[in-house]
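Side-chain atoms are counted along with the backbone in the values below, which use heavy atoms only and exclude waters and symmetry mates. Nothing here was measured: the structure is a model prediction, and the numbers come from that model.
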Amino acid sequence: MTPEGQLMTYEHLDIRIEDEVAWATMNRPDRLNALNPKLVEELRDFFVGLYWRRDVRVVVLRGAGKAFCAGLDLKERSGDNTNRSVGAGLTGQRRISEIVIAMRRCPQPIIACVDGAASGGGFALALASDVRIATPSLKMNAAFIRIGLSACDIGVSYFLPRMVGSSVAAEYMLTGRFIGADRAYQLGLVSRIVDTGALEAEAREFAEDMLHATPLGLRLTKEALNYAIDTQGLEAAIAMEDRNQILCAQDGDFAEGVRAFLEKRKPVYVTREG
């Protein structure tokens, strides 16, 4: 982040802010947007920084060209483990896994536009998003197990069983098999399947609907959903819901949300810092 609060310019990650929506495009199309060290660093910086931003309310994550993200760029990492200590290896691993932690921690909903391959680390980025829109060419898989690693990597072992159940998660994680668009939709991994040319328009519709919520209401909804996944029971979830509803009702934007609903118009909220 720059001191002026604008998103910094990256080498492999294109950022465009439009009407409180950040359009984040992984831009290495010649490598199917595979994760090299620089792109890993840029994704981590972007998502960590979002926690403090009030001018960005929704994020759309996508890949340039014919793929979402083909996972780790193995060509740039060949020989990377030579003479490296275990501690250095763990630090390098955390540089990548911290991206999905930051994606879940940031208060902005993340819409993933998944066109083509979403393998390995790309699969993890898609799963860490809040809403996934896909094209018919979608191919998702836990590719780690096919290159001599465990399939439990970058949060996949956390996200996938919670989304599809342990048996289906085991099917895909133990084999590295691909999940196509129809199967992903059947399992609830993606919300829509649209043609590539309609992907951006579909994401815009989702973002527009999300922006009808008050800034605080949107942030607290993502927060409560995150907690509810791991909550100890119904009463704990309801306690979080009750707390958030009272906070939203006391917020200055609440009255505008009600007025806009009754007047059947787009709400105009006051973005607040802090």
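At a cut-off of 3.5 Å, with distance as the only test, a side-chain donor of Arg183 or Tyr172 sits close to an acceptor on the other residue. Side-chain contact check for Asp115 and Ser137: at least one donor-acceptor pair (N or O, by modelled atom type) lies under 3.5 Å. Using a 3.5 Å distance cut-off with no hydrogens or angles, the side chains of Asn27 and Tyr10 do not pair a donor with an acceptor. Under 3.5 Å, the side chains of Arg94 and Thr91 contain no donor-acceptor pair of N or O atoms.
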Glu208/Arg204 under salt bridge (Lys or Arg N to Asp or Glu O under 4.0 Å): CA gap, chis, key distance, verdict:
CA-CA 6 Å; Glu208 183 68 21; Arg204 286 185 183 279; over 6 Å; no
Start with the C-alpha gap between Ile133 and Val114, add the side-chain angles, then the distance that decides, and say whether side chain to side chain contact (heavy atoms under 4.5 Å, CB included) holds.
CA-CA 6 Å; Ile133 312 167; Val114 191; over 6 Å; no
Could you check Arg95 against Glu41 for side chain to side chain contact (heavy atoms under 4.5 Å, CB included), going step by step and ending with a plain yes or no?
CA-CA 7 Å; Arg95 288 193 178 102; Glu41 175 188 330; over 6 Å; no
Dump the intermediate steps for side chain to side chain contact (heavy atoms under 4.5 Å, CB included) on Arg192 and Tyr185, then the final yes or no.
CA-CA 7 Å; Arg192 299 282 191 280; Tyr185 183 74; 5.8 Å; no
Full working for side chain to side chain contact (heavy atoms under 4.5 Å, CB included) between Asn36 and Arg31
CA-CA 10 Å; Asn36 68 348; Arg31 298 291 302 147; over 6 Å; no
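No more than 12 heavy-atom neighbours from other residues, nucleotides or ligands sit within 6.0 angstrom of CD on Gln232. Enclosure of atom CD in Glu263 by more than 12 non-hydrogen atoms of other residues, nucleotides or ligands within 6.0 angstrom is indicated. Annotation for Phe178: atom CZ counts as buried by contact number, over 12 foreign heavy atoms lying within 6.0 Å.
Between Leu211 and Phe206 there is no side-chain heavy-atom pair separated by less than 4.5 Å. Side-chain contact between Asp73 and Leu35: absent, with no pair of heavy atoms (C-beta onward) separated by less than 4.5 Å. The shortest distance between side-chain heavy atoms of Met210 and Val58 falls below 4.5 Å. Taking 4.5 Å as the limit, every side-chain heavy atom of Asn33 sits out of range of all side-chain heavy atoms of Thr25. Proximity of Leu220 to Gln245: side-chain heavy atoms (C-beta onward) are nowhere separated by under 4.5 Å. You'll find the side chain of Pro215 stays beyond 4.5 Å of the side chain of Arg54, heavy atoms only. Side-chain contact between Met140 and Leu138 is present, with at least one heavy-atom pair separated by less than 4.5 Å. Cys113 places none of its side-chain heavy atoms less than 4.5 Å from the side chain of Phe68.
Ser191 and Val131 make their closest contact through OG-CG1, 3.8 Å (heavy atoms, listed as atom of the first residue, atom of the second, distance). Contact between Ala181 and Val190 at its shortest, heavy atoms only, is O-CG2, 4.4 Å. A pairwise comparison of heavy atoms in Ala151 and Ala142 identifies CB-CB, 4.2 Å as the closest pair. Across every non-hydrogen atom of Ala203 and Ile111, the tightest pair is O-CD1, 3.9 Å. Closest of all the heavy-atom pairs between Ile145 and Thr175 is CG2-C, 4.1 Å. Nearest heavy-atom pair across Thr135 and Ile193 is C-CG2, 4.0 Å.
Here the options are Val59, Val60, Val56, the test is side-chain contact (heavy atoms from CB on, under 4.5 Å), and the partner is Val21; only Val60 passes. For the side-chain contact (heavy atoms from CB on, under 4.5 Å) with Asn244, the lone residue among Leu247, Asp242, Ile246 that qualifies is Leu247.
The structure places SG of Cys69 at 8.0 Å from CG of Leu43, a figure rounded to the nearest 0.5 Å. In this structure, CZ on Phe123 lies 13.5 Å from NZ on Lys139, to the nearest 0.5 angstrom. Of the inter-residue distances, the one linking Asp55 atom CG with Leu50 atom CG reads 9.0 Å to the nearest 0.5 angstrom. Note that CE of Met240 is 10.0 Å distant from CG of Asn226, once rounded to the nearest 0.5 Å. Taking CG from Asp253 and CG from Leu218, the interatomic distance works out to 11.5 Å, rounded to the nearest 0.5 Å. Leu174 contributes atom CG, which lies 9.5 Å from atom CD of Glu171 (distance to the nearest 0.5 angstrom).
Here Glu256 pairs with Arg259 in a salt bridge; the nearest charged N to carboxylate O distance falls below 4.0 Å. Between Arg219 and Glu223, none of the side-chain N atoms (NZ, or NE/NH1/NH2) sits under 4.0 Å from a carboxylate O, so this pair counts as no salt bridge. Ion pairing of Glu11 with Arg28 is absent here, as no side-chain N (NZ or NE/NH1/NH2) approaches a carboxylate O to less than 4.0 Å. Asp130 has a carboxylate O that lies under 4.0 Å from a charged side-chain N of Lys222, or vice versa, which qualifies the two as a salt bridge. Glu20 has no carboxylate O lying under 4.0 Å from a charged side-chain N of Arg53, or vice versa, which leaves the two without a salt bridge. Salt bridge status for Glu98 with Arg105: present, with a side-chain N to carboxylate O gap under 4.0 Å.
A donor-acceptor pair is defined here as one N or O able to donate and one able to accept, closer than 3.5 Å; such a pair exists between the side chain of Arg104 and the backbone of Ala128. Although no hydrogens or angles enter the test, the distance criterion places a donor-acceptor pair under 3.5 Å between the side chain of Arg162 and the main chain of Tyr158. Using modelled atom types, no side-chain atom of Asp195 and backbone atom of Ala198 make a donor-acceptor pair closer than 3.5 Å. Within the 3.5 Å criterion, the main-chain N or O of Arg132 finds no donor-acceptor partner in the side chain of Ser129. A donor-acceptor pair under 3.5 Å is absent between the side-chain atoms of Arg62 and the main chain of Met26, judged by distance alone. Ser157 places no side-chain N or O within 3.5 Å of a backbone atom of Asp153 that could act as its donor or acceptor partner.
By the criterion of side-chain heavy atoms lying less than 4.5 angstrom apart, applied directly or through intervening Ile, Leu, Val, Met, Phe, Trp or Tyr residues, Phe254 is not grouped with Tyr269; the two fall into different hydrophobic clusters. Under the 4.5 Å side-chain heavy-atom criterion for Ile, Leu, Val, Met, Phe, Trp and Tyr, Tyr227 and Ile229 are members of distinct hydrophobic clusters. Each of Leu32 and Leu13 belongs to its own hydrophobic cluster when Ile, Leu, Val, Met, Phe, Trp and Tyr are linked at side-chain heavy-atom distances under 4.5 angstrom. The hydrophobic cluster containing Met163 also contains Met103, counting ILVMFWY residues as joined when their side-chain heavy atoms lie under 4.5 angstrom apart, directly or transitively. Leu149 and Ile96 fall within the same hydrophobic cluster, defined by Ile, Leu, Val, Met, Phe, Trp and Tyr side-chain heavy atoms under 4.5 Å apart, directly or through other members.
Under the 6.0 Å distance and 45° angle rule, Arg146 does not count as a cation-pi partner of Phe144.
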